[in-house]
Amino acid sequence: MKKLLVIAYEFPPIRASNDRMFHFCRFLPRFGWKPVVVAPRRPSAWLPAFDPRFSVPAEMEVYDAPAMRHLEFLAKNLFLRVYLNSIFFLLSSYNVGQRILREQGEDIRLIYATVPTSACLIAAYRLSQKFHKPFVLDFRDPHYPSWLYKKEFLNSLQHARQIITTTAVYKNELIGQGAPSERITVIPNGTDLSTVTRLQKEENLPRSSAFTVIYAGGYFKIYRVETLVRTLALRFKDRDIRFVVVGEPEPGQERMIAFAKEQGLKVEFKGRLSEQDTLRELLKATVAYNGSSHPGGLGGKMYDYLACGLPVLGYNPKGSSTCVFIEKYNVGLTTDREEELVK
């Protein structure tokens with residue numbers, strides 16, 4: 001079986017905002033490819049763990065490329081957590097990748113880097129140049145490197161055999177960075193329907209008797225979770241409407257949670273749940289909230305919402321990928337104005 005070397009920063013047992021790369025690697029053997037994955041394997045304050053039930057198949061080769069575990073008192077600073085950790089992972093993944101290619105070089109036909117983080121991209125480019133292997137770049141999000149690696153980033157766009165991204169907006173961003181348009185393929189995010197089907201069949205989960213608005217995903221500011229709490233939940237405080245937020249709070253979001261408690265809002269913060277438990281919450285809800293201030297993003301959670309039969313309430317810029325998707329497929333309502341969102 002042919003092998004490909006995968007450089008991935010977010011991979012079980014490390015928590016990821018999206019399981020795209022894990023499912024990709026899980027299905028590859030069906031198409032004659034065996035993934036050899038380089039990823040952080042030990043959780044820390046910098047890299048929270050998945051639910052322990054979310055396990056990697058025993059036959060999948062995964063090598064540990066340690067991410068930063070020192071100076072963990074800095075973990076609350078988002079800039080330091082993302083960028084310092086990314087640099088550390090770049091160095092470790094490159095070193096581990098070299099060792100694997102020396103040992104298995106004849107069997108490995110391709111190097112595959114998934115972004116975020118941009119450290120994966122730079123490590124893959126360096127390995128490709130040193131060992132003369134073709135490489136593919138998968139931009140799930142437009143996570144571009146700092147000025148320190150700008151030249152290598154631009155070179156990687158020129159040398160990549162293929163570039164994959166998730167929306168047309170992201171494709172245009174990459175073209176603007178110098179990527180050849182003929183080598184960019186848009187492959188949208190998605191979801192694994194088998195888990196949803198199994199839960200529906202085995203557990204027969206009823207919808208909640210109360211009207212329930214749910215959000216499942218990251219608490220980053222761009223996802224406008226604060227609008228869900230401070231505007232919608234506050235506005236409908238005296239109505240029989242529940243709000244459920246699934247996801248691990250990012251630093252600084254504690255104030256939003258404290259605000260909800262002080263105001264007595266009907267908001268349940270579930271924290272980080274496993275994939276299965278998140279889907280259970282979705283299957284019980286009435287409406288899904290999908291907010292984003294970024295024009296390009298169309299995350300995997302959109303497909304989870306639809307797989308669970310939920311209409312979508314969007315708070316997105318006009319013309320954004322999410323706005324266009326909701327309107328094109330008539331899967332809900334979307335607006336870019338708070339007053340319209342309340343109506």
Side-chain angles (χ1 to χ4, degrees), residues 2-16 20-22 24-25 28 33-44 46-47 56 60-72 74 79-164 174 177-179:
K2 297 175 291 186
K3 291 185 177 182
L4 78 161
L5 181 66
V6 177
I7 311 293
Y9 181 72
E10 296 181 338
F11 201 85
I14 304 303
R15 177 187 66 78
R20 174 185 173 102
M21 189 48 50
F22 173 71
F24 173 68
C25 289
L28 273 175
W33 288 87
K34 180 177 181 180
V36 179
V37 184
V38 175
R41 299 290 292 150
R42 288 167 289 176
S44 68
W46 297 79
L47 293 169
V56 176
M60 192 181 291
E61 286 185 60
V62 184
Y63 292 82
D64 183 28
M68 185 178 285
R69 282 179 236 295
H70 312 295
L71 303 176
E72 292 196 347
L74 297 174
F79 175 84
L80 292 174
R81 180 155 62 95
V82 172
Y83 288 96
L84 291 183
N85 208 26
S86 180
I87 291 170
F88 196 91
F89 178 68
L90 163 58
L91 300 175
S92 65
S93 61
Y94 178 66
N95 289 333
V96 174
Q98 286 187 92
R99 190 180 75 239
I100 294 170
L101 285 166
R102 289 191 187 106
E103 295 171 356
Q104 306 184 44
E106 291 186 9
D107 297 327
I108 293 175
R109 309 285 186 85
L110 179 71
I111 300 172
Y112 193 102
T114 176
V115 179
T117 169
S118 56
C120 303
L121 178 159
I122 302 300
Y125 170 68
R126 291 180 180 179
L127 291 169
S128 170
Q129 293 296 293
K130 182 167 184 175
F131 292 91
H132 307 291
K133 299 282 184 182
F135 73 105
V136 170
L137 302 179
D138 175 35
F139 280 89
R140 180 169 57 81
D141 286 324
H143 192 278
Y144 306 127
S146 68
W147 61 270
L148 287 171
Y149 306 105
K150 183 71 172 180
K151 184 176 180 180
E152 287 182 290
F153 167 63
L154 295 176
N155 287 338
S156 72
L157 296 181
Q158 295 298 321
H159 287 88
R161 180 68 59 86
Q162 187 71 27
I163 299 172
I164 300 167
L174 290 166
Q177 295 277 357

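Computed from a predicted model, the values in this text were never measured in an experiment. What's counted below: heavy atoms across the whole structure, side chains too, no hydrogens, waters or symmetry copies.
- Formation of a donor-acceptor pair under 3.5 Å by the Gln158 side chain with backbone atoms of Gly178 is found in this model.
- Contact annotation: the side chain of Ile7 approaches that of Leu127 to within less than 4.5 Å [non-hydrogen atoms, C-beta and beyond].
- Contact between Pro134 and Leu110 at its shortest, heavy atoms only, is O-CD1, 3.4 Å.
- Considering all non-hydrogen atoms of both residues, Leu121 and Val115 come closest at CB-CG2, 3.9 Å.
- Of all non-hydrogen atoms in Phe135 and Ser128, the two that sit nearest each other are CD2-OG, 3.2 Å.
- The side-chain heavy atoms of Ile100 and Phe131, taken from C-beta on, include no pair separated by under 4.5 Å.
- Taking every heavy atom of both residues into account, Val6 and Met21 meet most closely at CG1-SD, 3.9 Å.
- With values rounded to the nearest 0.5 angstrom, Phe24 atom CZ is found 7.5 Å from Asp138 atom CG.
- Residues Leu5 and Val38 form a side-chain contact, since some pair of their non-hydrogen atoms from C-beta on lies under 4.5 Å apart.
- Residues Leu90 and Tyr149 have side chains in contact (heavy-atom distance under 4.5 Å, counting atoms from C-beta outward).
- Looking at heavy atoms from C-beta onward, Val36 lies out of side-chain contact with Asp107 at the 4.5 angstrom threshold.
- With contacts defined as side-chain heavy-atom distances shorter than 4.5 Å, the pair Leu28/Lys34 does not qualify.
- At a threshold of 4.5 Å between non-hydrogen side-chain atoms, the residues Asn95 and Arg99 do not count as touching.
- Nearest approach of Phe89 to Cys120, heavy atoms of both residues: CE2-SG, 3.8 Å.
- In terms of heavy-atom proximity, Ile122 sits nearest to Phe153 at CD1-N, 3.9 Å.
- Note on ring orientation: taking the six-membered ring where Trp is involved, the planes of His159 and Tyr125 are tilted (angle from 30° to 60°).
- Judged by distance alone, the side chain of Lys133 and the main-chain N or O of Gly105 form a donor-acceptor pair under 3.5 Å.
- For CD of Glu106, the number of neighbouring non-hydrogen atoms (other residues, nucleotides, ligands) closer than 6.0 Å is 12 at most.
- For the pair Glu61 and Gln104, the minimum side-chain heavy-atom distance is below 4.5 Å.
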